[in-house]
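Here the structure is laid out as structure tokens; the discussion comes afterwards.
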Amino acid sequence: MPLLKIDDKEIQVQSGATVLETAEANGIEIPHYCYHPALEVVGSCRMCLVQVEGMPKLQVSCNTFVGDVHPDRKVDGKYDMVVHTQNDLVVQERKNILEFLLLNHPLDCPVCDQAGECYLQDYSFKFGNAHSRFEENKRVRSNEYLGSQIVINHNRCILCSRCVRFTQEISGTSELFVEARGYNTKVAALEEKPLDNLLAGNVADICPVGALLSTDYIHKNRIWNLKKQSSVCQDCSVGCNVDVFSQTNQIFRLTPRENHDVNGYFMCDIGRYGFHRFEEIERVTQPMIREGDSFVSFEWEEAIQETVDRLKRAGGKVAGVTSPYHTNETNFMLGLMVDGILGNLSQIDGEEINYPSGFRISSDRSPNRNGMNDVCPGNVDDLISDIDEQNIRTIYILDDGVDRDFDEVWKSILSKMDFVVVQTYRMTMLAQSANIILPGLAPFEREGTITNDGGRVQWLRPSLPIKGESRADWEILMMALKALDNNAQIFTDVSQVMKKMGEKIPAYKDVSFFNLGDKGLSLNGIASK
Amino acid sequence: MDFLSFFIICVKVLLVFAGTLLAVLIMVYAERRVSAFMQGRLGPNRVGPQGLLQPIADGIKFLMKEDIIPDGVNKPIYLLAPVIMLIPALMTFAVIPFGSTITLFDRDIILQVADVNIGILYILALTSIGVYGIVLAGWASNSKYTLIGGLRSSAQLISYELALGLSVVSIILMSGSLRLNDIVADQQGHLLSWYVFKQPLAFLIFLIATYAETNRLPFDLAEAEQELVGGYHTEYSSMKFAMFFMSEYANMITAAALTVTLFFGGWDVPLLDEKSLGIWGAMLSVASFILKMGFFLFLFIWIRWTFPRFRYDQLMKLGWKVLLPLSLINIFITGGYLTLAALK
Amino acid sequence: MATIIKSYEPTFWDKLYIPALVKGLMVTIKHFFRRKVTIQYPDEYHIPPEGYRGLHRLNKFPEGRIKCVACEMCSAACPADCIHIIPGPSPWDEGNERYPVRFDIDLLRCIFCGFCEMACPEEAIELTEIYDFSDYTREDLIIDKDGLLEVFELTKDQKYYSRKNDSQEPQK
């Protein structure tokens, strides 16, 4: 193993590692733009220049590899390579590079949406000169749409080519390319083939400056106003790790969060812009009981009491409908409450998309089918025949929150029911056919765990405050459970439900917020079918 | 007494009464204007020309205000106190000669409501009654502030009344009469015949004592706002408060008039025989009296807005250890001089 | 080293106090005749010195465009957290592409420190000389974009109060 010395630090590294990677892993900061861990190394920005002893010129650290050298040629008799990242030469060179990068870069940070998370801003502040010696006029170009969701501001572009490499290597669609040479160089897309693939939103994230912008977020807010909450995307069963940026009770954007076991560095546009779905839905925020053709609002106590009375009257003959959109804890609580049979609503499928880099969009667009099946082992596929057999007339449904028409099976199920309880956050078709509607939480308000199709349990954290009278879904079920059976356990927090779940379902015994952390916990396929 | 002299007395009473009340109104206005001027401000200048109608507005305000009688007060005394204070304050002016004699309807009319032969004694007696108003108000109000204010006031008045009385004794020695008309007549003629030049020490003691008697700064411990909220009248509102207010100003006017009468020749215009000029001479004498009195009233305000308040022990020290011995010495000197002059 | 301060021994003349009293009286009577400093407010207006920090305004270019680009530097700098901006794409073809759709300042929270003015990179927000902007409700004291632009029109020439003074009826 080669022994590397960066500044004053001695580091043992694997042969073949680059200097930049080693430095980053050991807490030594080397500024860089074009280098991205997921992309090919091109070494074009020159920002990561370091001095390597024995080499005549400064080297780009992202493309300098460490290897064993002959014992006679070791520096000081023991180091295979000695790197300086802080000496005068490197510092001066960084200044020069930054001055070059800023020649045509406009001073429009106040207008730029990248301000606050811009590497050019940060590095200029940290390593750059306060003044530019450039006295000519800056090059000015107008903005262009690269695709329906992506705008390029050519003035701000520093031509690091991250975005170009992204479309070539990650999405494999190659819409972007570097056009022309020298002064006229720019990133462009053909008019016939705009940047419209489902990963396009990522180019705005990987752009180190404010050149590539998502039309969804442009001129909407400033980054320092937003509260960042790490969470999990709920738009397909992959469960990409995301950061949710919100202010007061509005989400402004979602960005992917690095997790090599799930999504790597990226996320798809379905999940990225998915949060808009919940902005204009008809929310249910009050418990409601059907009277004739309309619904009347009730207090929680009355609504729960009414629900429980009906459940009691039905005796054991109650069917429960679990939901792959809800958390493990909510489904688990429903399993505790309904003694009879459990089933679920018809699955909504999308197209399964695989990218050359391995990035995947699952055909199952529900986030937690795996977990639902794990925590509710009693789930049956053929709900209608069981209902017919046992002559069940009462049903408790956890609504997906997806507004869809009923298929024949569900039409016949609902027509047989005397009493339908729907727990939902939205006035769906299903909710409209209910006798009692209990208002739960919308996806970005929920807290709990979900299990992705790879058997990884992940922590779903709430990003938005609870609206109106709504209550957490597990809490509604707990209240019903308590009203049904006075000896039922009281949970004050979702983590207590999790603990109880771990006792009942052996595969989930290690699941706790502490163990989940940001990256989740793999069940190693124990429970997953 | 015939009808005419009764009528004349009625007119004089009315004139003096109205004059005093008018002077009170003017003083209320002047106090605020002068203090504002001394502080670089303008003061009330909105009601009427130059704000001259301000005291009327103030009066209306007092009348319109809610008349509050606090819980736990001794009601008869509480109601009586302002009256006890106001009436003597207005009565004292009766013996002050404010002009020379007019000859009308073949009669010599003295410009004085009552020519009492013990005028000075009358004044000293009445001002002492006024103190009862303060003490009773302080006691009846059922409040610590008023009680302390009343106590301070009575202690202060006792201390300074001695010096006041003794300083007047030297004047009485000089004039040989308690009648104010005699005292004025004694100062007629030459300017230097005014007692202020013959008795400068007595004048100084008298002046200081009057400030203490009228509860004015620098001796206004009875109503020290910073310590006692409003002093003895803290619990009074509306017209009852206005009565205290008026009597304080009436006292000032009386004090100023008395100072003029005792030390500045009263209505005397120096080097002029007013009687020889007939009715014009009388007018001139009244004008001279008002002018002199005006100066002393201004001095009251002037001093108020110049000097800070005495501490209580300083006040007592000044009264007992300085003014009282000084006035006694002054009496001895005066008596000695007069005896020597009589022996010659 | 200890410093010995000798207390002042008053002379007989000092102990008389009369000269000191007269001196004091002279001071007040001097002031009696001095020029008065009172400004009779609704009739005449005090003109604040240059640099006075009063009501805010939003500046415009001569062509009528708002200078503000909604960068929210002012609201970030604001220690009282009283500036609320909602940005959006600007309606004008030339100039900056971003502008404030809403720009609200809560004047009751504002402490008039002028940090917003200093933070502004576009010289768009400025504190004017206006000091009398009281109102009856809390809602009326939240000034919006239109209000701020109106203030700009009023104070463009920096002579808000001198203009007001000139238009007053002469004092009687």
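In what follows, chains are A, B, ... by sequence order, proteins preceding strands, each numbered from 1. Quick caveat: nothing in here was measured; it's all calculated off a predicted structure.
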Taking only heavy atoms into account, what residues of residues 65-78 of chain C are found under 4.5 Å from chain A? C:Val69, C:Ala70, C:Cys71, C:Glu72, C:Met73, C:Ala76

Of all the residues in residues 111-149 of chain C, which have a heavy atom that comes within less than 4.5 Å of a heavy atom in chain A? C:Pro121, C:Glu122

Less than 4.0 angstrom from a charged side-chain N to a carboxylate O is my criterion; do C:Arg57 and C:Glu153 meet it? no

Mind checking the CD-OH spacing from A:Gln114 to A:Tyr217? Nearest 0.5 Å is all I need. 9.5 Å

Partners meeting salt bridge (charged side-chain N to carboxylate O under 4.0 Å, His left out) with A:Glu445 (sequence neighbours left out): A:Arg283

Derivation and outcome, salt bridge (Lys or Arg N to Asp or Glu O under 4.0 Å), residues C:Arg163 and C:Asp166: CA-CA 5 Å; C:Arg163 230 180 323 117; C:Asp166 293 344; over 6 Å; no

Show your reasoning for whether salt bridge (Lys or Arg N to Asp or Glu O under 4.0 Å) applies to A:Arg426 and A:Glu282. CA-CA 6 Å; A:Arg426 180 181 182 185; A:Glu282 193 186 345; over 6 Å; no

Do other residues, nucleotides or ligands put more than 12 heavy atoms under 6.0 Å from the NE2 atom of A:His276? yes

Answer yes when A:Asp243 and A:Arg253 have at least one side-chain N-carboxylate O distance shorter than 4.0 Å, and no when they do not. no

Hey, can you pull the donor-acceptor pairs under 3.5 Å for the side chains in residues 155-166 of chain A, sequence neighbours left out?
| unit_1 | atom_1 | unit_2 | atom_2 | d |
| --- | --- | --- | --- | --- |
| A:Asn155 | OD1 | A:Arg141 | N | 2.7 |
| A:Asn155 | ND2 | A:Arg141 | O | 3.2 |
| A:Arg156 | NE | A:Asp108 | OD1 | 3.4 |
| A:Arg156 | NE | A:Asp108 | OD2 | 3.0 |
| A:Arg156 | NH1 | A:Gly210 | O | 3.1 |
| A:Arg156 | NH2 | A:Asp108 | OD2 | 3.0 |
| A:Ser161 | OG | A:Arg165 | NE | 3.2 |
| A:Arg162 | NE | A:Tyr33 | O | 2.6 |
| A:Arg162 | NH1 | A:Ile206 | O | 2.7 |
| A:Arg162 | NH2 | A:Tyr33 | O | 3.0 |
| A:Arg162 | NH2 | A:Tyr35 | O | 2.8 |
| A:Arg165 | NE | A:Ser161 | O | 3.2 |
| A:Arg165 | NH1 | A:Cys34 | O | 3.2 |
| A:Arg165 | NH1 | A:Glu40 | O | 2.5 |
| A:Arg165 | NH2 | A:Cys34 | O | 2.7 |
| A:Arg165 | NH2 | A:Cys160 | O | 3.1 |

Distance from A:Leu199 atom CG to A:Met267 atom CE, nearest 0.5 Å? 10.0 Å

